[in-house]
Every structure is written in structure tokens, then in C-alpha cells.
Amino acid sequence: MKIYAVKIVDINEDKLLYLCSSIDLEKNKRIVKFIDKKDKIRTLIGDILVRIIIANELNINNECIIFDKNQYGKPYLKNYPKFHFNISHSGDFVVCAIDKNPIGIDIEKIKYIEYRDIAKRYFTMNESKYIIEKDLSAQLTRFYEIWTLKESYIKCIGQGLSIPLKSFSINMDKYKNIESIEDYENNRYFLKLLELDLNYKIAVCSLNKEILDNIDIIDQSDLINKYLKYNLD
Ligand code: COA
Ligand code: MG
């Protein structure tokens, strides 16, 4: 398992267009439709990041990197069933986790929302208790811990929100150790919170018991330069 992060910075329009034209048409069309330039950059950088990781891991050309999606929209690499990845983006970061087994990652920028209403509606009693048992100043952070952990589990399984959010519960002790979750096929999923930036929460869900703490931070311009060179090879 490896986990990567890129802090996004602006890309000029010409370069953005050029880079978008080098990825697959479906994603290119999706990027064009975004109104917010940051959405465009996050999605593009996610795609380029995973392509460079694949190039390193599998030593294949960019044309051989063909993505497909399961019926719930989880992307996977066609023709390489033993390579699993998952991407998430929020605020100024794009993160990607890879593994030999299905994996899920979620990053969320911590911003104020009506977390009490959301927790009441979508979280289990235990999860809500975990959030409100702390003083007010810590509750929003705890809300985002539960949020990202739940989403990383859903993303690992790959069935999106067809999995009811109250059908499983995140149980954490005071050391932030998280109980593993067993699905209906008796697969056991392990979860962990990772540290990257104080204003963000990141959670990873994996079938591997050992989830690394370490995030490999990649500079965006280095990534783009590597990609441009790789794409010409
Ligand atoms: N399973 C796993 N990964 C998926 C996926 C699925 N079914 N569908 C898409 N993805 C991947 C894609 O690579 C996507 O990146 P891309 O659009 O650049 O290709 C990436 O996940 C997006 O993840 P993230 O940045 O975390 O997006 P999100 O938080 O907006 O949405 C979804 C994540 C699409 C997987 C889905 O769970 C969703 O719609 N969530 C809504 C948020 C929510 O209610 N969460 C509940 C948490 S308590
Ligand atoms: Mg998310």
C-alpha cells in the first residue's frame, strides 16, 4: 500500500487545455463542464497522479492506461485486476491510495456545516455520541473524522451511497484506534485516520490490517513535468 498527496496550485489555461487533451475523453468532457477552475485542476491532477503512479508501479505506457468504472462509478485500471487505487480531492489537496486489494480514501477540508443535523440524519447513535461527547470546539473535527471514515469504507467497497450510511458504524477508542468492520460477505475492513494538514481530515479503508501512516507528498509542477515527459516517451 502507498498513499500520495499533491497540494494543488493554479495552472495556466493553455497548459490546462493541453493536459486535459492527453487524458481520456470522458474525463476531459467532465473537466470542461466544471465552472470552478479549482474543480478542473483537482480532477485533472487526480488523473495525472494516478497515471504517474501506475507508470512507476507497472511500467506501462500512457496509452495502455485505460480506466473503467464499476456500476457505481468506482474507477479501476482495465487489464490489471491486481492493481487497486482510489482518489479523493478537497480544497487544496488531491490524494491517491494504491494497494493489491481494494482500497478507499477520503479527504475533506474542515469547514463549518450544520454537523448536528447531518449526524442525526445519517450517522449511527454511537457515531453521534462520539461527536457530541466532546466540548463544542472539538465537535466539528470529530464530525469530519466520522464523515471521512464512513466515506473511505463506502469507497473501498465501491458501491457508493447504495450502502446505507446507518448500516455500519465507526467505533473509535480514545487513542483513535478504529474497530474493523465486517461486511455481509465476511470481509474485514480496517480503517485509519491520517495526518496531512490541520485543516483537513483524511481516512483510509483497506483489507490490509496494516495501514501506513506515511503520505508521500508530490510537488504539482514535478508531477506535471514527469507526466509531460512520460506522455512523450
Ligand atoms: N467508489 C469509490 N470511489 C469512487 C466511486 C465509488 N463508487 N465513484 C467515484 N469514485 C472516485 C473517483 O476517482 C472520484 O474522482 P474523480 O471524479 O476525479 O474521478 C473520486 O472517487 C472522488 O472522491 P471524493 O473526492 O472523495 O468525492 P466525493 O466526496 O464528492 O464523493 C463518492 C465520493 C462519489 C464516491 C460518493 O461516495 C458520494 O457521492 N459521496 C457523497 C458524499 C457523502 O454523502 N458522503 C457520506 C459520508 S458520511
Ligand atoms: Mg469525499
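Count residues from 1 along the sequence. Just follow the structure's listing: the first ligand is 1, and inside any ligand the first atom is 1.
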* Considering heavy atoms of the protein only, find what lies nearest to atom 46 (C) of ligand 1 and give residue, atom and distance to 0.1 Å. => E151 OE1, 3.6 Å
* Asked: Can you tell me which residue and heavy atom of the protein come closest to atom 3 (N) of ligand 1, and the distance to 0.1 Å?
  -> N86 ND2, 3.0 Å
* To do: Please list, in chain and residue-number order, the protein N/O/S atoms closer than 2.8 Å to the Mg ion (ligand 2).
  => D106 OD1, E108 OE2, E151 OE2
* Plane angle bin for F123 and W147 - parallel if under 30°, tilted between 30 and 60°, otherwise perpendicular -> tilted
* Asked: W147 to ligand 1: N or O pair under 3.5 Å?
  -> no
* With a 4.0 Å cut-off, strictly under, does atom 23 (O) of ligand 1 pick up any protein heavy atom? -> yes
* Structure fact -> For T43, the ligand 1 atoms with a heavy-atom partner under 4.0 Å come out as 18 (O)
* Write out the residue and atom name of the closest protein heavy atom to atom 15 (O) of ligand 1, then the distance separating them to 0.1 Å. => H89 NE2, 3.6 Å
* Asked: In terms of atom number and element, which parts of ligand 1 are under 4.0 angstrom from non-hydrogen atoms of E108?
  -> 29 (O)
* **Part of I157 with heavy atoms under 4.0 Å of ligand 1, whether side chain, backbone, both or neither** => neither
* **Test item: N61 side-chain N/O and C64 main-chain N/O as donor-acceptor pair under 3.5 Å** => no
* Asked: Below 4.5 Å, heavy atoms only, C-beta onward: do K201 and I107 meet side chain to side chain?
  -> no
* Asked: Who's the nearest protein heavy-atom neighbour of atom 7 (N) of ligand 1, and how far?
  -> Y72 O, 3.0 Å
* To do: Of the side chain and backbone of Y122, name the one, both, or neither that has a heavy atom under 4.0 Å from an atom of ligand 1.
  => neither
* Asked: Is it the case that N62 and Y227 place a side-chain donor and acceptor less than 3.5 Å from each other?
  -> yes
* Asked: Where is the nearest protein heavy atom to atom 1 (N) of ligand 1: which residue, which atom, and how far?
  -> K74 CB, 3.4 Å
* Going by atom types only, do T148 and Y200 share a side-chain donor-acceptor pair under 3.5 Å? -> no
* To do: Return a yes/no value: protein heavy atom under 4.0 Å from atom 36 (C) of ligand 1?
  => no
* Does any N/O atom on S88 come nearer than 3.5 Å to any N/O atom on ligand 1? -> yes
* Structure fact -> Out of G158, G46, P75, the nearest non-hydrogen contact to atom 10 (N) of ligand 1 is supplied by P75
* Y112 vs Y115 aromatic rings, parallel, tilted or perpendicular, using cut-offs 30° and 60°? -> perpendicular
* Asked: Under the 3.5 angstrom rule, does the side chain of Y144 hit a backbone N or O of Q139 as a donor-acceptor pair?
  -> no
* Nearest neighbour in protein (non-hydrogen) for atom 14 (C) of ligand 1 -> I87 O, 4.4 Å
* More than 12 non-hydrogen atoms from neighbouring residues, nucleotides or ligands closer than 6.0 Å to NZ on K176, yes or no? -> yes
* Nearest to atom 40 (N) of ligand 1 by heavy atom, I170, L165, I118, L161: which? -> L161
* Geometric N/O contact D106 with ligand 1, under 3.5 angstrom -> yes
* Hey, are Y130 and E145 close enough side-chain-wise for a donor-acceptor pair under 3.5 Å? -> yes
* **Check: K155 N/O within less than 3.5 Å of ligand 1 N/O** => yes
* Asked: Got an N/O contact under 3.5 Å between G73 and ligand 1?
  -> yes
* To do: Answer yes or no for K27: is there a heavy-atom contact with ligand 1 below 4.0 Å?
  => yes
* R30 heavy atoms, cut-off 4.0 Å: which ligand 1 atoms fall inside? -> 16 (P), 17 (O), 19 (O)
* To do: Answer yes or no: is there a donor N or O on one side and an acceptor on the other, between the side chain of T124 and the main chain of S169, under 3.5 Å?
  => no
* **4.0 Å protein heavy-atom contact status of atom 43 (C) of ligand 1, strictly under** => yes
* Can the ring centroids of F83 and Y76 be said to lie less than 6.0 angstrom from one another? -> no
* Asked: Is there a donor in the side chain of D135 and an acceptor in the side chain of S137, or the other way round, less than 3.5 Å apart?
  -> yes
* Asked: Which pair of non-hydrogen atoms, one from N86 and one from G104, has the smallest distance, and what is that distance?
  -> OD1-CA, 3.4 Å
* **Reported SG-to-CD1 distance for the pair C205 and I178, which is rounded to 0.5 angstrom** => 9.5 Å
* Should you measure from each heavy atom of F123, which atoms of ligand 1 turn up under 4.0 Å away? -> 48 (S)
* Asked: With distance as the sole test, does S128 use its side chain to make a donor-acceptor pair with the main-chain N or O of M125 at under 3.5 Å?
  -> no
* Asked: Looking at F168, does the NZ or CZ of K150 lie under 6.0 angstrom from its six-membered ring centre and within 45 degrees of the ring axis?
  -> yes
* Asked: Taking all atoms of both residues into account, what is the closest heavy-atom pair of G160 and Y72, and its distance?
  -> N-CB, 4.2 Å
